[in-house]
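Let me begin by presenting the structure, written as structure tokens, before commenting on it.
Numbering of ligands and ligand atoms starts at 1, following listing order. In this chain, residues are counted from 1 in sequence order.
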Amino acid sequence: MAPDNRTAVCPGTFDPVTYGHLDVIGRASAMYDRVIVGVVNLPWRKGKTLFTAEERIGFVSNATAEMANVTVEPFSTLLVEFARARGAMAIVKGLRAISDFEYELEMNQLNRRQNPDIESVYLMASPKYSFLRSSGVKELATFGGEIHDLVPDEVADQLKERLGR
Ligand code: PNS
């Protein structure tokens with residue numbers, strides 16, 4: 001498919017999706033005509049995920065149901081290959097802190113080497129989500145912390161069911 005500057009991919013593992021991810025997806029959906037959320041579906045990558053790809057896709061799909069130009073699908077190829085196959089010219093990611101910057105700079109250079117035609121675009125995290133990451137939410141859920149303001153209700157309920165003590 002020919003690259004299209006109106007289409008963007010928002011990639012991630014989303015284990016599980018948080019309001020921080022949804023903030024970035026929502027802002028991307030206002031910037032591009034079409035946003036494809038790419039959910040990593042590689043069971044062996046970075047260890048096992050808590051939720052299956054189907055569950056993670058379901059959470060993102062439900063949470064973005066009101067965003068008419070957003071679709072959600074799994075991918076298990078190189079990210080730039082997924083973006084190219086969908087005709088996207090941009091990969092949109094959120095950036096929270098210096099620690100994200102180092103990782104994203106590395107990913108950016110790897111991705112650029114693979115396909116220099118696809119640009120990565122970084123949206124600064126909204127201040128209220130700048131501390132938020134999926135692993136932190138899982139830790140809070142494990143020890144009975146309050147997570148309803150960090151993830152959608154169905155995600156919070158599932159986290160409590162899986163991890164709550
Ligand atoms: O931090 P995340 O959510 O686990 O990020 C996932 C992803 C795919 C966005 C990140 O690892 C990345 O940019 N990877 C580039 C290299 C690549 O294509 N890996 C294959 C993933 S299926």
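Under 4.0 angstrom from ligand 1, the non-hydrogen atoms of Val40 all belong to its side chain. In Tyr103, the part holding a heavy atom less than 4.0 Å from any atom of ligand 1 is the side chain. Residue contacts with ligand 1, taken as heavy atom pairs separated by less than 4.0 Å, involve Thr77 solely via the backbone atoms N, CA, C and O.
Atoms of ligand 1 lying under 4.0 Å from any heavy atom of Lys93, numbered from 1 in the order shown and given with element: 9 (C), 12 (C), 13 (O). Atoms of ligand 1 found under 4.0 Å from any heavy atom of Gly12 (numbered from 1 in listed order, with element): 3 (O). Near Leu42, meaning under 4.0 Å from any of its heavy atoms, are these atoms of ligand 1: 22 (S). Counting the atoms of ligand 1 from 1 in the order shown, those under 4.0 Å from a heavy atom of Leu79 are 13 (O), 17 (C), 18 (O). Against a heavy-atom cut-off of under 4.0 Å, Pro11 is close to the following atoms of ligand 1: 9 (C).
Not a single heavy atom of Val80 sits under 4.0 Å from any atom of ligand 1. Not a single heavy atom of Phe82 sits closer than 4.0 Å to an atom of ligand 1.
Aromatic ring centres of Phe14 and Phe59 lie farther apart than the 6.0 Å criterion allows.
Glu81 has its side chain out of reach of Gln114: every pair of non-hydrogen atoms, C-beta onward, lies at least 4.5 Å apart.
If you chain together hydrophobic residues whose side chains sit under 4.5 Å apart, Phe131 and Val24 fall into the same group.
Side-chain N or O atoms of Asp100 include one that pairs as donor or acceptor with a backbone N or O of Arg96 at under 3.5 Å. Judged purely by atom type and a 3.5 angstrom limit, Arg162 uses its side chain to pair as donor or acceptor with the backbone of Leu50.
Tyr122 and Asn108 form a side-chain donor-acceptor contact under 3.5 Å, judged by distance and modelled atom types alone. With hydrogens and angles left out, the side-chain atoms of Asp15 and Ser134 include no donor and acceptor closer than 3.5 Å.
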